[in-house]
S.K.: 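Below is the structure I would like to discuss, written out as structure tokens.
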There are 2 protein chains.
Amino acid sequence: MESEIKKRFDNYIREKGLRKTAQRDVILEAAFSSDDHFTAEELWMKARKIDPKTSRATVYRTITLLLECGMLREIDLGRDERVYDPNFIESPDHNHLICIDCGKVVEFEDENAAVLIDCITRRLGFRPTSKSMRIEACCDKLRSSGMCENLIELRLGKK
Amino acid sequence: MESEIKKRFDNYIREKGLRKTAQRDVILEAAFSSDDHFTAEELWMKARKIDPKTSRATVYRTITLLLECGMLREIDLGRDERVYDPNFIESPDHNHLICIDCGKVVEFEDENAAVLIDCITRRLGFRPTSKSMRIEACCDKLRSSGMCENLIELRLGKK
DNA sequence: GTTCGTGCAAACCGTTTGCACCGAC
DNA sequence: GTCGGTGCAAACGGTTTGCACGAAC
């Protein structure tokens with residue numbers, strides 16, 4: 001994890017008059033050590049690999065903090081539980097394509113999409129600040145062959 | 001509610017070998033009597049206005065049925081509870097803009113968006129069948145004047 | 001008469017919270 | 001020493017489910 005992320009978090013902590021704690025550092029490390037999306041439960045597991053005593057409640061409270069300071073964003077996928085995306089620091093304008101068949105999520109950036117979102121948003125009378133687009137699609141391989149590598153991953157219990 | 005909707009549901013019921021019941025008719029009526037989005041709880045309230053004995057469990061089970069046959073679609077808004085959109089029968093290709101400030105949801109269709117979604121989806125290796133786009137934006141009025149009519153509605157307890 | 005649907009209440013599960021203890025400052 | 005943070009377990013709220021009764025066929 002880049003130290004710039006730690007600095008940004010420390011700055012936020014300081015600005016808000018909060019306290020720097022070992023637990024928050026552990027959860028920050030767990031959240032940004034890879035670019036994978038994660039749920040609260042998954043973040044808890046990652047954090048406990050670093051410090052087994054990390055509590056679930058502190059994970060939830062730290063997620064709230066990270067959302068507030070804009071370092072983490074919630075994204076809407078299948079939605080039985082909330083999913084968080086740690087990649088908005090590196091790619092502030094990225095979008096998501098979600099396969100409604102196999103659940104695969106692909107991140108992408110697209111200049112045309114950015115322009116179009118801007119136009120549509122203005123036309124409807126809104127301000128296009130936090131532009132973010134989500135496309136639902138169908139998995140080609142799954143439809144044609146009845147299986148795709150991602151579904152295989154899910155079946156094998158990647159998690 | 002158009003009788004075409006009732007026919008479509010009856011057909012589905014018959015095809016699957018299910019039974020036509022008074023409760024299912026009531027919930028269908030409640031769901032499609034207006035074009036408003038609704039939660040399960042809200043649909044339950046609407047249904048009880050028609051038949052006060054309607055049970056919550058039957059509402060949930062009928063929503064599942066309506067999702068299966070494609071008459072209802074789940075849409076992702078703020079997401080503390082699931083929201084359903086009854087308008088995909090009339091406008092199969094519509095998209096949603098959600099204001100992250102005031103929560104307002106605007107439905108729109110856009111030919112350019114349809115083409116772009118198609119291109120992006122193909123480029124990423126997916127099949128663009130059930131195309132659907134969601135844009136998050138910021139409310140212009142709320143940002144500039146500190147208030148917007150939709151926030152006023154929410155405060156006054158539209159619900 | 002058989003089988004599926006309904007209604008109730010309990011179970012579920014992700015998330016939030018009250019409270020006593022602990023640690024940053 | 002003070003005040004905010006942590007950890008536990010209980011509470012919460014939307015959704016699902018087990019089971020006995022009732023209705024569709």
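Just the heavy atoms: all of them, side chains too, but no hydrogens, waters or symmetry mates, feed the values below. Just so we're on the same page: letters track the sequence lines, and every chain starts at 1.
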S.K.: A:Trp44 has an atom CH2; how far is it from atom P of D:dT6, in whole Å?
M.R.: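 Going from CH2 in A:Trp44 over to P in D:dT6 covers 15 Å.
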S.K.: Nearest 0.5 Å, what's the CD1-CG distance between B:Ile13 and B:Leu18?
M.R.: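 Nearest 0.5 Å value for the CD1-CG distance: 5.0 Å.
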S.K.: Is A:Gln23 near enough to C:dC22 that one of its side-chain N or O atoms lies under 4.0 angstrom from OP1 or OP2?
M.R.: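 Answer is no, no contact under 4.0 Å.
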S.K.: When the ring planes of A:Phe38 and A:Tyr84 are compared, do they come out parallel, tilted or perpendicular, using 30° and 60° as the limits?
M.R.: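 Tilted: the ring planes of A:Phe38 and A:Tyr84 meet at 30° to 60°.
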S.K.: Can you tell me the distance, in whole Å, between the CD atom of B:Glu42 and the C1' atom of D:dT15?
M.R.: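 Distance, rounded to whole Å: 15 Å.
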S.K.: What's the CZ-P distance between B:Arg14 and C:dG5, to the nearest Å?
M.R.: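 Answer to the nearest Å: 14 Å.
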S.K.: Check this for me, if you would: do B:Asp110 and A:Arg123 make a salt bridge, where the nitrogen-to-carboxylate-oxygen distance has to be below 4.0 angstrom?
M.R.: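 Judged by the 4.0 Å cut-off on N to carboxylate O distance, B:Asp110 and A:Arg123 do form a salt bridge.
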S.K.: Rounding to a whole Å, what distance do you find between B:Leu43:CG and D:dG14:P?
M.R.: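 Interatomic distance, CG of B:Leu43 to P of D:dG14: 15 Å.
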S.K.: Given axes from five pairs at either end, by how many degrees does the helix from C:dG1-D:dC25 to C:dC25-D:dG1 bend, rounded to 10°?
M.R.: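 Comparing the first five pairs with the last five, the axes sit 30° apart.
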S.K.: Between P on C:dG23 and CZ on A:Arg24, what's the gap in Å once rounded to a whole number?
M.R.: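 The distance from CZ of A:Arg24 to P of C:dG23 comes to 15 Å, rounded to the nearest Å.
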S.K.: Going through the checks in order, is the side chain to side chain donor-acceptor pair (under 3.5 Å) test met by A:His94 and A:Glu109?
M.R.: CA-CA 5 Å; A:His94 78 268; A:Glu109 295 188 66; over 6 Å; no
S.K.: Can you measure B:Phe38 atom CZ to D:dT15 atom P for me and round it to whole angstrom units?
M.R.: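 Answer to the nearest Å: 12 Å.
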S.K.: Is it possible for you to say whether A:Ile120 and B:Val115 belong to one hydrophobic cluster, with membership spreading through side-chain heavy-atom contacts below 4.5 Å?
M.R.: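 In one cluster: no.
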S.K.: Taking only heavy atoms on the protein side, list every residue of residues 52-68 of chain A lying under 4.0 Å from any atom of DNA chain C, sorted numerically.
M.R.: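 Contacts with DNA chain C under 4.0 Å: A:Arg56, A:Ala57, A:Tyr60, A:Arg61.
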S.K.: Does A:Lys20 come within less than 4.0 Å of A:Asp25, counting only side-chain N to carboxylate O?
M.R.: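 Judged by the 4.0 Å cut-off on N to carboxylate O distance, A:Lys20 and A:Asp25 do form a salt bridge.
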S.K.: Check B:Arg134 with B:Glu136, please: is the shortest side-chain N to carboxylate O separation under 4.0 Å?
M.R.: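 A salt bridge is present here (some side-chain N lies under 4.0 Å from a carboxylate O).
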S.K.: By nearest atom, which of the nucleotides D:dG14, C:dT15, D:dG5 is closest to the A:Glu81 side chain?
M.R.: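 Nearest nucleotide to the side chain: C:dT15.
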S.K.: Under a 4.0 Å N-O cut-off, is there an ion pair linking B:Lys6 with B:Asp10?
M.R.: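 So B:Lys6 does not pair with B:Asp10 through a salt bridge.
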S.K.: If I take atom CZ in residue A:Arg82 and atom P in nucleotide D:dG14, what distance separates them, rounded to the nearest angstrom?
M.R.: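 Computing the A:Arg82:CZ to D:dG14:P distance gives 12 Å.
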S.K.: For the salt bridge (Lys or Arg N to Asp or Glu O under 4.0 Å) test, which of B:Arg56, B:Lys46, B:Arg48 pairs with B:Glu41?
M.R.: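 It is B:Arg56; the other options fail the test.
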S.K.: Going 5' to 3' through nucleotides 20-25 of chain D, assign each nucleotide B (protein heavy atom under 4.0 Å from a base atom), S (under 4.0 Å only from sugar-phosphate atoms) or - (no protein heavy atom that close).
M.R.: ---BBS
S.K.: Between P on D:dC12 and CG on B:Asp80, what's the gap in Å once rounded to a whole number?
M.R.: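 Distance check: B:Asp80 CG to D:dC12 P gives 17 Å.
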S.K.: Taking atom CD of A:Glu68 as the centre, does the number of heavy atoms from other residues, nucleotides or ligands within less than 6.0 Å exceed 12?
M.R.: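 Check passes, neighbour count above 12.
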S.K.: Please determine whether residues B:Phe9 and B:Val26 belong to a single hydrophobic cluster, defined as Ile, Leu, Val, Met, Phe, Trp and Tyr linked transitively by side-chain heavy-atom distances below 4.5 Å.
M.R.: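 No; B:Val26 is not reachable from B:Phe9 via cluster members.
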